[in-house]
Amino acid sequence: MKLPIYMDNHATTPLDPRVLEAMLPYLREDFGNAASRNHVFGWKAEAAVNKARQQVAELIGAAEQEIVFTSGATESDNLAIKGVIEFYKSKGDHIITLKTEHKAILDTCKRLERVRQERLDELKLLRLAQLAGQDVTEDNQSELLAKYDVDSDETYRKWAELPTGGARVTYLDVEPDGRVSLEKLAAAMTPKTVLVSIMFANNEIGVVQPVAEIGALCRSKGVLFHCDAVQGIGKVPFDVEAMKVDLASITSHKMYGPKGIGALYVRRRPRVRIAPIIDGGGHERGMRSGTLNVSAIVGFGMAAELARKELPEESARILRLREKLRKGLTDALDMTIINGSMEHRLPGNLNISFAHAEGESLMMGIKDVAVSSGSACTSASLEPSYVLRALGVDEELAHSSIRFGLGRFTTEEEVDYVVNLVVDKVRKLRDMSPLYEMAKEGIDLKSIEWTAH
Amino acid sequence: MAYSDKVIEHYESPRNVGTLDKEDPNVGTGLVGAPACGDVMRLQLKISEDGLIEDARFKTFGCGSAIASSSLVTEWVKGKTVDQAMTISNKDVARELSLPPVKIHCSVLAEDAIKAAIEDFKKKRAARQAKAS
């Protein structure tokens with residue numbers, strides 16, 4: 001066994017050697033531009049891209065024309081959300097998403113909210129000038145706003161309902177197990193709702209959402225369904241037809257492919273339209289211009305093929321190892337809490353809180369093991385993970401949480417090593433923890449008046 | 001985050017971890033921080049009649065810098081008078097451990113813990129004297 005041990009496969013995965021082998025020719029002799037139509041270099045590159053497109057499509061039950069290559073999941077998420085909102089703006093401008101989504105979704109939604117707000121502010125000033133019959137300046141603005149109630153003005157209210165280019169967004173809470181409630185999702189839909197964006201599997205807690213049910217609900221309401229499927233694809237079966245997904249973000253580096261390449265699935269029947277966010281030579285049927293990264297696409301394709309073929313066996317093996325890790329830790333240590341649903345969970349994920357042992361300091365103690373912590377103990381941000389907070393996890397427990405991500409190359413020997421090491425370090429930290437001592441003495445930590453700083 | 005060697009050294013071999021009898025009239029206990037913020041420090045000082053810090057013990061829930069800061073101050077206060085201990089500032093701690101800016105609050109906590117422990121000791125002594133007179 002070699003140290004350090006990598007158990008952070010939610011962040012990224014190592015490149016599978018078979019993927020690298022497939023890529024190498026396209027970094028060497030077959031370097032052509034897939035858009036070059038008039039010579040053999042271009043044809044070879046195009047053929048390689050087509051094969052990869054087929055491989056990626058097959059992994060998710062799509063047709064190859066439905067795969068748009070992008071630079072990765074962040075771009076795919078941006079393209080899906082901004083693209084839909086812009087294209088369908090005359091139809092509606094409301095998005096529903098979850099508080100536990102990835103920042104690529106949440107921050108994109110926040111930007112669209114800002115765009116809408118700025119537009120409304122401009123309209124408001126315009127209407128104010130009309131009502132007042134004079135120009136609105138910085139000096140008279142607040143005075144005029146006090147005089148004229150623009151907010152309840154009929155004309156302004158009509159203007160505010162016009163397409164703005166931005167969006168209004170509902171950020172739904174999740175249930176304590178991390179899953180969305182379909183009733184709450186249905187209740188949040190309005191006639192203005194054009195898009196629901198809910199992830200397949202959460203990157204922190206590994207909780208898998210009821211995607212097929214969400215898809216069926218959205219389809220029945222005529223709302224588009226975008227799924228950030230990055231963390232679940234290749235680990236749990238995902239099928240865009242069975243799940244009625246309209247748009248899906250995928251990335252290569254979470255499935256043992258190269259970084260910097262991903263895709264957006266865009267449904268053809270019923271047809272989903274998106275406005276591009278990158279303009280240029282009209283590559284990828286105009287949805288994502290830019291010269292194709294042929295070698296990375298070939299690697300992505302190979303990674304997708306391997307993921308599809310090896311999924312059942314690999315998932316079963318990883319699940320067995322994850323359970324060994326979970327049992328090893330929870331049998332040896334008291335006061336441990338698993339965050340998120342155990343039933344609906346990625347096989348390789350274990351997000352666990354070791355009460356009264358701080359996460360960052362535990363990571364420092366197990367520095368030969370690469371994991372991730374839900375704690376953010378810095379003066380700039382004392383906030384622990386927003387995902388754990390959205391689940392209602394107590395802040396102290398959120399500070400005490402560790403995310404283990406097992407993957408294709410995790411071995412049983414590594415799991416054994418990690419169990420022993422973590423148990424030892426948690427015990428050591430708890431021996432040093434005033435909270436553990438107080439909890440053992442039966443003192444209710446909530447009853448103490450803490451001096452926040 | 002890359003920690004300094006001193007932080008790592010204190011984290012790996014913390015000094016004076018433990019608990020003193022908080023009922024002992026000569027022991028002052030300072031408990032600072034909050035679990036929700038991710039760090040809680042408890043510093044206990046055993047102080048003689050003439051105000052000399054004879055012993056110090058700590059327990060800390062927090063990151064490596066918080067543990068190192070509390071471990072360091074237990075070393076520093078031992079053998080000092082209460083007045084001398086009161087002059088230890090978070091800047092001294094941060095400098096000694098080369099704490100990065102985002103971890104300065106760990107040193108602030110250590111300074112607060114010393115002050116809180118001494119204050120607790122003084123309160124105890126005042127209560128005792130009030131009873132005696």
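In what follows, every heavy atom counts, from backbone to side chain, and hydrogens, waters and symmetry copies are set aside. Letters A, B, ... mirror the listed sequences (proteins, then strands); counts begin at 1.
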Q: Calculate, to the nearest 0.5 Å, the distance between atoms CZ and CE belonging to B/Phe61 and A/Met432 respectively.
A: 12.5 Å
Q) Rounded to the nearest 0.5 Å, what separation is found between the NZ atom of A/Lys367 and the OH atom of B/Tyr3? A)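 Atom-to-atom, A/Lys367:NZ and B/Tyr3:OH are 12.5 Å apart.
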More than 12 heavy atoms of other residues, nucleotides or ligands under 6.0 Å from [atom1] of [X]: yes or no?
X	atom1	result
B/Lys22	NZ	no
A/Arg111	CZ	no
B/Asp50	CG	yes
A/Glu449	CD	no

Least distance between heavy atoms, [X] atom then [Y] atom:
X	Y	result
B/Glu12	A/Lys428	O-NZ, 3.3 Å
A/Glu360	B/Cys63	OE2-CB, 4.1 Å
B/Ala34	A/Trp450	CB-CB, 3.6 Å
B/Gly64	A/Met364	CA-SD, 3.6 Å
B/Leu31	A/Thr451	O-OG1, 4.4 Å

Q. Chain B heavy atoms under 4.5 Å from A/Ala398: which part of the residue, side chain, backbone, both or neither?
A.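 Neither part; nothing is under 4.5 Å.
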**Q.** chain B contact via A/Asp431 - which portion, at a heavy-atom distance below 4.5 Å
**A.** backbone
Q: Have a look at B/Pro35 and tell me which of A/Glu396, A/His399, A/Glu358 forms a side-chain contact (heavy atoms from CB on, under 4.5 Å) with it.
A: A/Glu396
(Q) Show, in sequence, the C-alpha distance, side-chain angles and deciding distance for A/Met438 and B/Val40, and conclude whether the side chain to side chain contact (heavy atoms under 4.5 Å, CB included) test is met. (A) CA-CA 12 Å; A/Met438 289 154 92; B/Val40 173; over 6 Å; no
Q: Taking A/Ser361 for its side chain and B/Gly62 for its backbone only, find out whether a donor-acceptor pair lies under 3.5 Å.
A: yes
